[in-house]
*Asks:* 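I am attaching a structure below and will ask some questions about it afterwards.
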Number of protein chains: 2
Amino acid sequence: MAYPQTTFVFTSLHPKTLLGQRRQAVAANTLQYQLDVLKQTGRYDAFKLRWHPIYDRAPEVWPIPDHLFWDSDIAKWIEGACYFLQQQCMPTIADAVDELVEMIRSAQQPDGYLNIHYTVVEPGKRFTNLKDMHELYNCGHLIEAALAHHALYANNQLLSPICAYVDLLCKTFGPGPEQTHGYPGHPEIELALLRLHERTGLERYLSLARYFITERGNLTGCDGRHYFDVEAEKRGADPNMKPAFYPEPRSLWYHQAQAPIAEQQTIEGHSVRAMYLLTSVADLVRIEKSHADLQDATYRLWNNMVNQKMYSTGGIGAMKQWEGFGLDYFLPQGTSEGGCYSETCAAIGVMMLAQRLLQIDLNGRYTDITELCLYNAVLTAMSTDGKKFTYVNQLASSDKDLSKRDDWFTVACCPPNMLRLLGTIGGYIWTYKSTVAEKCAYVDVHLYIGAKLTFDCGKDIVELEQETDWPSSGDVKFRLRSQRIKVELRLRVPGWADTWKITPECPDLVVKQGYLTIPSSWLEQHPDFTLSIPLKPRILVSHPLTNQNTVTIARGPVVYCVEDLDNPWVQDHFASTLLNPACEITEKLVQNQSLGDSYIALTVTRGASLLDTEAFEETPFLRQHGVDKFRPLSKLDFVPYYFRANRGGRGHMRVGLKRAT
Amino acid sequence: MAYPQTTFVFTSLHPKTLLGQRRQAVAANTLQYQLDVLKQTGRYDAFKLRWHPIYDRAPEVWPIPDHLFWDSDIAKWIEGACYFLQQQCMPTIADAVDELVEMIRSAQQPDGYLNIHYTVVEPGKRFTNLKDMHELYNCGHLIEAALAHHALYANNQLLSPICAYVDLLCKTFGPGPEQTHGYPGHPEIELALLRLHERTGLERYLSLARYFITERGNLTGCDGRHYFDVEAEKRGADPNMKPAFYPEPRSLWYHQAQAPIAEQQTIEGHSVRAMYLLTSVADLVRIEKSHADLQDATYRLWNNMVNQKMYSTGGIGAMKQWEGFGLDYFLPQGTSEGGCYSETCAAIGVMMLAQRLLQIDLNGRYTDITELCLYNAVLTAMSTDGKKFTYVNQLASSDKDLSKRDDWFTVACCPPNMLRLLGTIGGYIWTYKSTVAEKCAYVDVHLYIGAKLTFDCGKDIVELEQETDWPSSGDVKFRLRSQRIKVELRLRVPGWADTWKITPECPDLVVKQGYLTIPSSWLEQHPDFTLSIPLKPRILVSHPLTNQNTVTIARGPVVYCVEDLDNPWVQDHFASTLLNPACEITEKLVQNQSLGDSYIALTVTRGASLLDTEAFEETPFLRQHGVDKFRPLSKLDFVPYYFRANRGGRGHMRVGLKRAT
């Protein structure tokens with residue numbers, strides 16, 4: 001299996017590309033910055049199992065103690081650091097990894113148990129609240145950290161204790177009469193267990209993942225009742241003690257546990273949980289090739305998400321209260337319009353899920369979404385210098401929620417998730433396989449990013465390099481080198497691309513499921529060639545059922561936004577700015593010296609206007625022609641959404657503008 | 001003061017008018033039907049203070065016991081019954097009123113206390129949870145019942161015990177060091193106390209109302225803290241025991257208690273509470289003429305409601321979770337679009353508030369809203385036969401919430417509120433005053449309804465009669481009779497009226513604040529005259545900031561809807577039906593023999609179409625011109641929104657249709 005966390009090591013990114021630059025920011029700033037924060041906040045030393053004053057604090061969001069995720073914060077930082085250490089020497093970071101691993105080892109209990117909260121704060125209560133308390137979620141992240149550490153150092157310093165903990169879980173959970181018939185409220189461990197199974201070859205890790213996945217949502221799994229109900233009753237929980245993020249009592253759908261996954265018809269609840277869960281489901285389907293019902297459900301839920309519940313930026317989750325999915329087509333752009341959460345981790349989760357689906361079925365519709373998320377909902381979540389982050393990625397700002405980034409969060413899942421994603425991004429660019437028998441290798445190229453892939457086919461080293469300024473330019477120069485082995489390439493043609501061209505010409509090519517197959521025979525003659533996909537601004541209008549009536553500009557995979565810095569007259573977060581779908585747009589390459597980014601800026605020179613809302617009647621329902629009061633704007637300037645909030649300004653920003661009628 | 005509950009007795013409605021017919025349905029069916037339900041459900045006998053099995057039941061909505069409002073259900077039925085008994089003899093109803101009054105009298109405790117729950121179910125806990133438990137709300141409705149009973153029978157059988165209870169409250173609550181510095185979570189008693197003050201002349205009732213109003217939202221009123229916080233702490237409440245309808249802990253704004261009323265900038269929270277509260281605030285302002293800050297706040301909150309948070313039907317409250325106000329311009333039409341609550345009681349509350357404001361400032365903008373609510377959000381809440389009701393009045397149905405009415409509700413505030421409103425509707429039609437010194441009377445005519453007003457000016461009896469088929473026709477024949485006294489009329493010209501005409505011609509008339517003043521000199525010459533306001537279909541388009549992009553048809557005060565019964569092809573609740581604001585509309589008078597209603601039906605003969613959603617790409621954001629796929633409809637039939645769901649059908653209905661571009 002091509003897990004990006006494993007395969008990224010075979011790819012080196014060109015440092016001058018957009019993603020190369022973001023990776024440089026992480027290496028230069030983010031890792032050290034986050035390490036400092038871990039130390040300042042008490043997280044760094046938490047595995048020493050001493051009492052910390054925060055443990056006495058009433059939770060910001062009952063019943064979740066503020067420190068509940070500290071295990072995962074550490075684990076995700078270790079994981080991310082190990083990915084970067086694979087490709088760059090950073091002694092301070094490496095020393096911190098060593099020290100943290102030692103602390104984690106020292107925190108392990110005699111029976112293998114390994115969790116800060118239930119060892120220090122609530123000893124004796126382990127596994128009493130799988131639904132809310134993130135105990136198994138934390139373990140999942142420890143597994144992923146251990147896998148990254150193991151791959152980097154080729155030792156078992158972290159992997160051994162984690163396997164010992166997982167072995168305890170394998171004994172504790174399962175269908176046996178003495179076992180607990182439970183599963184985590186926040187999925188994550190499932191996808192980690194499947195990767196642990198791949199690394200170790202141990203069947204019990206696959207079994208536990210399968211159990212967690214197939215038992216989930218069983219309405220009668222625990223003495224004829226739902227596990228979460230039985231668990232709550234056992235610990236004497238009052239059903240009216242309802243977390244603020246539960247819109248109704250029980251709210252099983254918040255956890256994707258309202259029914260067995262195979263029976264779920266629509267994607268519901270907390271977005272990150274849903275993505276981590278479905279990532280593991282897709283992987284289980286691939287591994288076992290025997291879960292047709294789960295495969296159908298995964299496609300059904302994916303389609304519901306992409307077709308009815310995804311923002312133009314690839315963001316998911318309209319509802320702030322439960323950080324998750326709303327109704328079909330309910331996609332308000334920001335707080336002042338009724339919502340928009342679009343959590344960073346959720347968009348990263350979409351990329352993970354799409355990557356797993358792509359392993360089952362090579363289809364550009366998954367890659368299109370991967371690229372959409374990457375260049376928009378994900379990249380917008382970190383500043384150019386790698387020191388500021390977002391958790392929520394609204395498509396429109398408001399006075400209550402300005403367009404900005406923050407230093408850190410109490411629940412700090414998103415910033416270290418950027419480390420993990422950018423650390424392994426090389427693994428998303430392409431997948432390859434080689435068959436020694438046929439003396440042939442196949443490379444599927446998913447993303448166009450200046451990068452070089454080098455892999456060993458046993459008899460030969462294959463090198464494939466892309467040179468491109470994507471997403472500024474749509475020209476990609478390929479350079480293939482292999483001595484004794486034939487190589488076939490499949491190159492993705494994005495769904496939004498109107499045309500494409502291979503130079504020199506390669507005859508008889510057709511796009512099949514979003515990919516062009518370039519035969520090895522032609523490649524032997526033309527190891528250097530260029531793929532050109534013209535990138536030009538295109539207009540997206542909202543589906544009528546969204547009730548949005550907006551016009552969005554995209555160019556290639558990049559979605560654009562307007563900011564007050566370029567359009568300083570704005571006072572209302574562009575709520576009354578109109579855009580005609582038939583507008584005229586000009587492009588300009590901007591090289592921002594101080595921030596180091598270069599990008600294509602867009603200007604609408606004809607077709608933007610401003611509603612004269614003050615001339616309206618004051619009522620939500622106007623007499624005929626009451627809304628046709630506007631004045632033209634001589635120009636309206638756009639920048640990539642990922643670039644927003646990097647240059648100061650007053651925090652006014654919007655992606656979709658009202659459609660001029 | 002012209003309280004409609006008092007003045008309605010001077011008006012008789014013509015039975016053949018729309019409202020006359022609804023009143024006949026109430027007299028013929030509703031009173032008896034609701035009496036039967038009160039008996040079947042245990043409410044009728046509840047004041048006997050015996051245990052009822054429902055008292056053992058876990059609440060449907062914690063922490064509100066299902067029987068908590070029974071006092072008010074009984075009180076509102078008595079109140080409504082007394083209004084109808086003023087104008088019609090109904091022995092069974094009258095006997096039930098007598099018996100209930102006796103039961104209430106017998107339930108009074110030695111110190112005057114009078115409440116079912118805190119006497120039977122939780123004795124000893126009275127006044128420990130003013131915030132949630134509706135104790136004072138129930139008292140408010142008992143006061144209003146007592147006033148209606150007193151007016152009907154001119155005895156104190158009910159008024160005396162209620163006054164004794166209120167006297168206990170006057171001792172219990174107030175600013176004194178021994179008094180409780182509290183106020184009700186659900187306002188109602190305030191407006192009732194002001195009416196009780198008017199009837200009895202007793203200052204202490206005015207004082208208590210003033211205290212409840214001005215103390216509300218005091219952040220430091222109780223030992224330097226908010227009363228609701230102190231109260232919760234005293235009864236040992238866990239702050240995480242959060243009712244399902246609280247979107248966040250505390251949620252003080254749900255109760256309009258987040259700040260003193262005078263400082264509240266926007267209208268928030270539970271709509272019915274807000275309306276009952278502001279009705280009392282407006283009345284206090286009128287009575288005391290000394291609360292400029294409260295008057296400003298009332299106008300400010302009214303304006304916010306009407307200008308940003310009111311549906312085209314006069315309905316308020318987009319949010320189901322807290323039965324109340326959402327964000328400015330957030331007005332989705334139904335469940336499948338993200339909300340719409342529009343509770344019947346809230347629309348009745350708007351009418352009450354508008355009526356109070358009209359007493360401060362004669363301005364048609366209040367009357368326009370009164371009439372809008374009456375003919376749409378209110379009248380739609382009862383079937384033509386008076387036996388079925390709605391609680392929620394969405395503007396669009398969905399598979400989850402079909403357009404229909406129900407027999408009854410666990411929380412049964414709305415059905416008896418229809419009794420109260422229709423019982424006193426005559427009091428909303430006009431207000432009058434006479435000055436004996438000047439030998440002159442003034443009648444302000446607010447609503448055009450076939451009806452006759454008769455009042456005694458001391459020296460003379462004045463009669464004013466309207467003959468009209470309003471809202472089917474816009475012609476209103478007036479007939480004024482008075483012998484020795486001059487009468488001046490002020491006739492409302494609705495804000496939506498483009499023109500108006502008096503026949504015979506009355507010179508030099510101008511519309512001032514929505515009213516025409518017809519001088520007494522002209523009326524002496526023309527005691528019979530006609531006001532004509534052409535009623536024709538008009539188009540309302542949604543304000544761009546609503547994100548609705550809808551077109552609504554209204555005609556006079558009546559808002560129209562489409563139903564599947566007239567448009568049987570519909571499968572999606574008209575979600576994909578488009579309407580061009582420049583459509584052609586024809587009118588037709590329909591006389592429904594079986595239901596007894598006649599109304600103007602409308603048909604769009606050109607300008608309606610159907611989106612071909614199946615031809616769309618499956619994504620919320622479409623490539624340019626992706627949304628311009630539709631096919632014309634040869635016709636689209638509309639009926640008044642108030643008439644919906646009376647003729648069977650499949651429950652598909654919609655008011656605002658997507659605007660064709």
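Hydrogens, waters and symmetry mates play no part in the numbers below; they use all other heavy atoms, side chains included. A, B, ... follow the sequence lines: proteins, then strands. Residue 1 opens every chain.
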*Asks:* At a heavy-atom separation under 4.5 Å, does B:N547 approach chain A through its side chain, its backbone, both, or neither?
*Replies:*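 For B:N547, the contact with chain A is made by backbone and side chain together.
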*Asks:* Just give me the residue among A:T619, A:L327, A:N549, A:N307 that pairs up with chain B most often, heavy atom to heavy atom, under 4.5 Å.
*Replies:*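 Option with the greatest count: A:N307.
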*Asks:* Apply the side-chain contact (heavy atoms from CB on, under 4.5 Å) test between B:F621 and each candidate in A:V541, A:I539, A:L331; give the one that qualifies.
*Replies:*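 Among the candidates, only A:L331 passes.
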*Asks:* Which answer fits B:N303, side chain, backbone, both or neither, if we ask what part of it has an atom under 4.5 Å from a heavy atom of chain A?
*Replies:*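 Neither; nothing under 4.5 Å.
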*Asks:* Report the option among A:W62, A:W496, A:Y246, A:Y311 that has the most heavy-atom pairs separated by less than 4.5 Å from atoms of chain B.
*Replies:*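 That would be A:W62.
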*Asks:* For the atom pair CZ (B:R659) and CZ (A:R659), what is the distance rounded to the nearest 0.5 Å?
*Replies:*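 It comes to 11.5 Å.
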*Asks:* Heavy atoms, side chains only, cut-off 4.5 Å: are B:L622 and A:P544 in contact?
*Replies:*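 In contact.
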*Asks:* Of all of A:M310, A:E248, A:K309, which one pairs up most often with chain B through heavy atoms under 4.5 Å apart?
*Replies:*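 Among A:M310, A:E248, A:K309, the one with the most close pairs to chain B is A:M310.
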*Asks:* Hey, is CZ on A:R235 packed in by over 12 heavy atoms from elsewhere, all under 6.0 Å?
*Replies:*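 It does: A:R235 CZ has more than 12 such atoms within range.
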*Asks:* Side chain, backbone, both or neither: which part of A:S312 has a heavy atom under 4.5 Å from chain B?
*Replies:*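 Contact with chain B involves both backbone and side-chain atoms of A:S312.
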*Asks:* Say you draw a straight line from CG of B:D238 to CG of A:D238; how long is it, rounded to the nearest 0.5 Å?
*Replies:*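 Rounded to the nearest 0.5 Å, the CG-CG separation comes to 8.5 Å.
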